[in-house]
Trainee: 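Before anything else, here's the structure in question.
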Amino acid sequence: WLPQVDPAKDPVLHRRLIIWRNCFVSSAVDNVPEIYNLKNRLQRRIAEFEYEFEGRKALRSELQKIQRTDRDRSRRHRAWLATAPLAAANRDDLRRLIALRNRKARNLGFRDYVDLVLKLQEIEESWLRTTLHHLAETCRPLYAATVASLAARIGISCMAPWDVSF
């Protein structure tokens, strides 16, 4: 239908058809049974993952609370390390999901899945890269000052990932 609609005569209908086309193209990737099932398996594994901390099972919220509130830096570090098995448990399925999405996107004429998502969201990749680079450069001095201030406030010389939430 899209080729039959003149955007100059009916811009609203033309725009609606573009949006619908983009939805259908996106669903052509996300609704492939193998991709759909793999994505759901990953989400389920994340939601149901059982962490171990200090010799017992722990909830993710408990580990996050320790990282936010516990004054013992080594305990915060151990709580942070307790989340690593989740990444290891998902590594292979996540790589497979990325590969499947990229293959399907290429079959649809896109460079890869990222290219498909950006084009369907009508975001120019060069604009996005330039914007993100500008934001990173603009924020870097403030970020460095914030990190230094936080490190001084909690009495350490160098921040580590397990210190950030504290």
Side-chain angles (χ1 to χ4, degrees), residues 15 18-19 21-23 25-27 29-30 35 38-106 108-166:
R15 180 69 184 143
I18 289 172
I19 291 169
R21 180 201 57 204
N22 290 353
C23 288
V25 171
S26 177
S27 70
V29 174
D30 291 330
I35 292 172
L38 187 55
K39 184 175 70 169
N40 285 339
R41 184 168 65 227
L42 280 161
Q43 289 172 339
R44 197 170 35 258
R45 189 180 300 134
I46 291 166
E48 297 171 355
F49 194 79
E50 293 184 351
Y51 299 90
E52 281 220 14
F53 181 67
E54 296 178 336
R56 62 177 175 75
K57 291 183 179 179
L59 298 173
R60 183 179 185 146
S61 59
E62 179 184 357
L63 298 174
Q64 291 170 330
K65 183 177 181 183
I66 291 167
Q67 290 179 30
R68 279 192 324 270
T69 63
D70 200 306
R71 300 199 64 73
D72 183 345
R73 189 174 192 217
S74 66
R75 189 161 190 252
R76 289 195 314 269
H77 183 201
R78 290 191 311 275
W80 181 79
L81 289 174
T83 64
L86 175 61
N90 287 321
R91 183 176 294 116
D92 292 339
D93 280 348
L94 187 55
R95 286 182 176 153
R96 177 123 179 87
L97 178 62
I98 291 167
L100 288 169
R101 282 176 165 171
N102 283 339
R103 185 178 325 129
K104 184 63 179 174
R106 282 191 293 277
L108 293 169
F110 297 90
R111 182 190 70 229
D112 54 28
Y113 185 70
V114 171
D115 183 47
L116 176 144
V117 169
L118 290 176
K119 286 194 170 121
L120 295 183
Q121 294 295 320
E122 300 178 357
I123 298 171
E124 289 290 329
E125 188 172 358
S126 61
W127 173 86
L128 180 61
R129 287 184 187 280
T130 301
T131 301
L132 291 175
H133 178 74
H134 174 72
L135 285 170
E137 291 302 313
T138 302
C139 293
R140 189 167 281 122
L142 179 59
Y143 175 76
T146 301
V147 168
S149 171
L150 291 171
R153 190 177 82 201
I154 62 174
I156 59 174
S157 60
C158 183
M159 292 285 283
W162 49 91
D163 296 319
V164 175
S165 297
F166 184 68

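What you see is a predicted model, and the numbers here were worked out from it, not measured in a lab. Numbers for residues simply follow the sequence, beginning at 1.
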Trainee: State whether the side chain of Thr130 and the backbone N or O of Ser126 hold a donor-acceptor pair below 3.5 Å, judged by distance alone.
Mentor: yes
Trainee: Please tell me if the side chains of Thr146 and Leu142 come closer than 4.5 Å, counting only heavy atoms from C-beta onward.
Mentor: yes
Trainee: Looking only at heavy atoms, which two atoms of Val29 and Ile35 are closest? And how far apart?
Mentor: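 Looks like O-CD1, 3.4 Å.
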Trainee: Using a 6.0 Å cut-off, check whether atom OH of Tyr143 has over 12 heavy atoms from anything other than its own residue.
Mentor: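 Incorrect, the count does not exceed 12.
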Trainee: Do you know which two heavy atoms are closest between Phe53 and Ala79, and how far apart they sit?
Mentor: CE1-N, 3.3 Å
Trainee: Identify the heavy atoms of Tyr51 and Ala82 that sit nearest to each other, and give their distance.
Mentor: CD2-O, 3.3 Å
Trainee: Passes side-chain contact (heavy atoms from CB on, under 4.5 Å), His134 versus Thr131? Steps please.
Mentor: CA-CA 5 Å; His134 174 72; Thr131 301; 5.7 Å; no
Trainee: Is the backbone N or O of Ala145 less than 3.5 Å from a side-chain atom of Ser149, with the two atoms forming a donor-acceptor pair by type?
Mentor: no
Trainee: Nearest 0.5 angstrom please: Glu125 CD to Arg111 CZ, how far?
Mentor: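 Interatomic distance, Glu125 CD to Arg111 CZ, rounded to 0.5 Å: 4.0 Å.
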Trainee: Measure the spacing between CG of Asn22 and OG of Ser27 and express it to the nearest 0.5 Å.
Mentor: 11.0 Å
Trainee: To check you understand the geometry: which heavy-atom pair defines the closest contact between Asp70 and Phe166, and what is its length?
Mentor: O-CE1, 3.2 Å
Trainee: Which heavy atom of Ser74 sits nearest to which heavy atom of Asp72, and what is that distance?
Mentor: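 Heavy atoms of Ser74 and Asp72 come nearest at OG-OD1, 2.8 Å.
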Trainee: Between the main-chain N or O of Asn102 and the side-chain N or O of Asp112, is there a donor-acceptor pair closer than 3.5 Å?
Mentor: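 Looks like no, no N/O pair under 3.5 Å.
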Trainee: Test: salt bridge (Lys or Arg N to Asp or Glu O under 4.0 Å). Region: residues 143-166. Which pairs qualify, not counting sequence neighbours?
Mentor: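 Those involving residues 143-166 are Arg73-Asp163, Arg76-Asp163.
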Trainee: Any side-chain heavy-atom pair from Arg60 and Ile46 closer than 4.5 angstrom?
Mentor: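 Yes, close enough: below the 4.5 Å cut-off.
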Trainee: How close do Leu108 and Val25 get, heavy atom to heavy atom, and via which atoms?
Mentor: CD1-O, 4.0 Å
Trainee: Roughly how far, to the nearest 0.5 Å, is the CZ atom of Phe49 from the CG atom of Leu59?
Mentor: 12.5 Å
Trainee: First locate atom OG1 of Thr69, then atom CD of Gln64, and finally report the distance between them rounded to the nearest 0.5 Å.
Mentor: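 One gets 11.5 Å once the value is rounded to the nearest 0.5 Å.
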Trainee: Less than 4.0 angstrom from a charged side-chain N to a carboxylate O is my criterion; do Glu62 and Lys65 meet it?
Mentor: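 A salt bridge is absent here (no side-chain N lies under 4.0 Å from a carboxylate O).
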Trainee: Between atom CG of Leu86 and atom CZ of Arg91, what is the distance when rounded to the nearest 0.5 Å?
Mentor: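 Result: 10.5 Å between the selected atoms.
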Trainee: Using the side-chain contact (heavy atoms from CB on, under 4.5 Å) rule, take Asp93 and Leu97 through it: C-alpha gap first, then chi angles, then the decisive distance, then the call.
Mentor: CA-CA 6 Å; Asp93 280 348; Leu97 178 62; over 6 Å; no
Trainee: After noting the C-alpha distance and the side-chain angles of Arg101 and Asp30, does the key distance pass the side-chain contact (heavy atoms from CB on, under 4.5 Å) rule?
Mentor: CA-CA 8 Å; Arg101 282 176 165 171; Asp30 291 330; 3.9 Å; yes
Trainee: Might you confirm whether atom CD of Glu124 has over 12 heavy atoms from other residues, nucleotides or ligands at distances under 6.0 Å?
Mentor: no
Trainee: Before giving the answer on side-chain contact (heavy atoms from CB on, under 4.5 Å), spell out for Leu100 and Arg103 the whole-Å C-alpha distance, their side-chain angles and the decisive distance to 0.1 Å.
Mentor: CA-CA 5 Å; Leu100 288 169; Arg103 185 178 325 129; 3.6 Å; yes
Trainee: Using side-chain heavy atoms (C-beta onward) and a distance below 4.5 Å, is Arg45 in contact with Leu42?
Mentor: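 With C-beta onward as the side chain, the pair touches.
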Trainee: Quick one: CG on Leu81 to CD on Glu52, what's the gap to the nearest 0.5 Å?
Mentor: 14.0 Å
Trainee: So, the side chain of Thr83 versus the backbone of Trp80: is there a donor-acceptor pair under 3.5 Å, distance only?
Mentor: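 Checking the backbone N and O of Trp80 against the side chain of Thr83, a donor-acceptor pair under 3.5 Å is found.
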